[in-house]
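Reviewing the structure listed below.
Computed from a prediction, not measured in an experiment: that's the story for all the values here.
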Amino acid sequence: MKHAPCGVLRGLGPVAARVRCRRACRWTCGRTVVGVPLAGALIAAILGLGLHVNLSPSAPRGLYRAITGAPTRGAWVAACVSPEAATFGRARGYLGAGSCVGGVQPVIKPVVALAGDVVELGPEAMVVNGQRLPGSSSANVDSLGLPLPHAVWGRHVVTADEFWLVSTRVPNSWDSRYLGPFSRLQVRAVAWPVWTFN
């Protein structure tokens with residue numbers, strides 16, 4: 001499940017982002033090579049139990065179970081981005097390979113707005129029903145200096161078939177600030193945390 005990697009949206013300059021990515025890759029690759037047989041058995045056991053692993057910092061890292069039911073405010077959901085966003089996200093490296101349309105992985109984000117809510121979106125913040133979401137400003141470029149499209153700024157009334165998904169856990173979450181609302185068909189399941197850590 002994904003957000004933009006290594007501070008791609010803002011906060012890190014291009015050089016710092018590359019250095020941080022290299023360090024993270026060396027650490028991850030080193031652990032993977034040492035524990036390949038054990039890791040394979042562990043992954044098989046996790047998938048056999050119907051659990052999914054999230055390593056993205058835009059949601060608490062750990063194990064999640066996909067459950068059915070209507071998403072509620074604050075619930076974490078697994079959702080697929082639109083086909084256009086999938087192409088863009090794959091090209092930029094924001095999304096890895098997965099089972100969603102466009103061959104990308106779903107994202108895990110919390111629901112911040114439901115049917116009937118009023119969302120006001122601008123460069124400085126997202127406001128839901130008059131309440132400003134902390135840490136919800138939008139960036140114009142990613143940390144590599146590439147232009148970053150965002151959802152239409154202004155006032156939006158959430159329809160019966162929509163959810164706005166925004167994670168403010170990290171400053172570089174690629175979510176409804178950039179992608180706009182997600183439809184009910186894009187939301188695959190509620191992602192119930194089984195075991196998480198920060």
Side-chain angles (χ1 to χ4, degrees), residues 1-5 8-9 43 46-86 89 94-102 104-122 125-139 150-152 155-198:
M1 317 303 177
K2 196 59 188 158
H3 73 35
V8 166
L9 297 185
I43 290 170
I46 288 169
L47 295 176
L49 293 171
L51 300 176
H52 303 277
V53 178
N54 173 58
L55 299 177
S56 166
S58 61
R61 291 180 172 121
L63 299 176
Y64 289 79
R65 181 181 303 281
I67 61 172
T68 57
T72 57
R73 189 183 318 280
W76 292 92
V77 297
C80 294
V81 300
S82 70
E84 299 79 20
Y94 300 166
L95 299 171
S99 58
C100 290
V101 173
V104 299
Q105 64 194 138
V107 296
I108 293 184
K109 308 289 180 188
V111 177
V112 297
L114 301 160
D117 288 342
V118 176
V119 171
E120 296 171 65
L121 183 63
M126 176 184 278
V127 177
V128 179
N129 298 330
Q131 298 294 314
R132 180 185 176 123
L133 296 181
S136 63
S137 62
S138 298
H150 54 77
V152 176
R155 184 176 186 270
H156 304 268
V157 178
V158 184
T159 69
D161 189 44
E162 292 178 339
F163 301 97
W164 284 69
L165 311 177
V166 175
S167 176
T168 57
R169 290 176 50 85
V170 292
N172 58 346
S173 177
W174 195 49
D175 51 35
S176 285
R177 289 172 287 180
Y178 306 97
L179 304 170
F182 284 70
S183 74
R184 189 171 299 276
L185 293 176
Q186 287 176 274
V187 175
R188 287 192 153 187
V190 173
W192 186 261
V194 174
W195 177 80
T196 61
F197 62 96
N198 289 319

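- The CG atom of Leu51 sits 14.0 Å away from atom CH2 of Trp192, with the distance rounded to the nearest 0.5 Å.
- Summarising the geometry of Ala79 relative to Leu165, their closest heavy-atom pair is CB-CD1, 3.9 Å, with the distance given to 0.1 Å.
- Side-chain N or O atoms of Gln186 include one that pairs as donor or acceptor with a backbone N or O of Ser183 at under 3.5 Å.
- Residues Pro83 and Val101 approach most closely at CG-CG1, 3.8 Å, considering heavy atoms.
- The number of heavy-atom neighbours closer than 6.0 Å to CZ of Arg188, taken from other residues, nucleotides and ligands shown, is above 12.
- Remark: Phe163 CZ to Arg73 CZ distance equals 11.0 Å, nearest 0.5 Å.
- Using modelled atom types, no side-chain atom of Arg155 and backbone atom of Glu120 make a donor-acceptor pair closer than 3.5 Å.
- Leu114 and Pro71 get closest at one heavy-atom pair: CD2-O, 3.8 Å.
- Rounded to the nearest 0.5 Å, atoms CG (Asp175) and CZ (Phe182) are 7.5 Å apart.
- Rounding to the nearest 0.5 Å places OG of Ser176 at 9.0 Å from CG of Leu121.
- The two residues Ser58 and Ser56 come nearest to each other via the heavy atoms OG-OG, 2.9 Å.
- Minimum interatomic distance between Pro60 and Asn54 (heavy atoms only, all atoms of both residues): O-ND2, 3.2 Å.
- Atom OG in Ser173 sits 11.5 Å away from atom CD1 in Ile108 (nearest 0.5 Å).
- For Ala86, the side chain to side chain contact (heavy atoms under 4.5 Å, CB included) test picks out Val81, Val104, with sequence neighbours left out.
- Here the OG-NE2 distance, from Ser137 to His150, works out to 12.0 Å after rounding to the nearest 0.5 Å.
- For Arg169, the salt bridge (Lys or Arg N to Asp or Glu O under 4.0 Å) criterion is met by no residue, not counting sequence neighbours.
- With hydrogens and angles ignored, the 3.5 Å screen pairs a side-chain donor or acceptor of Tyr178 with a backbone N or O of Ala139.
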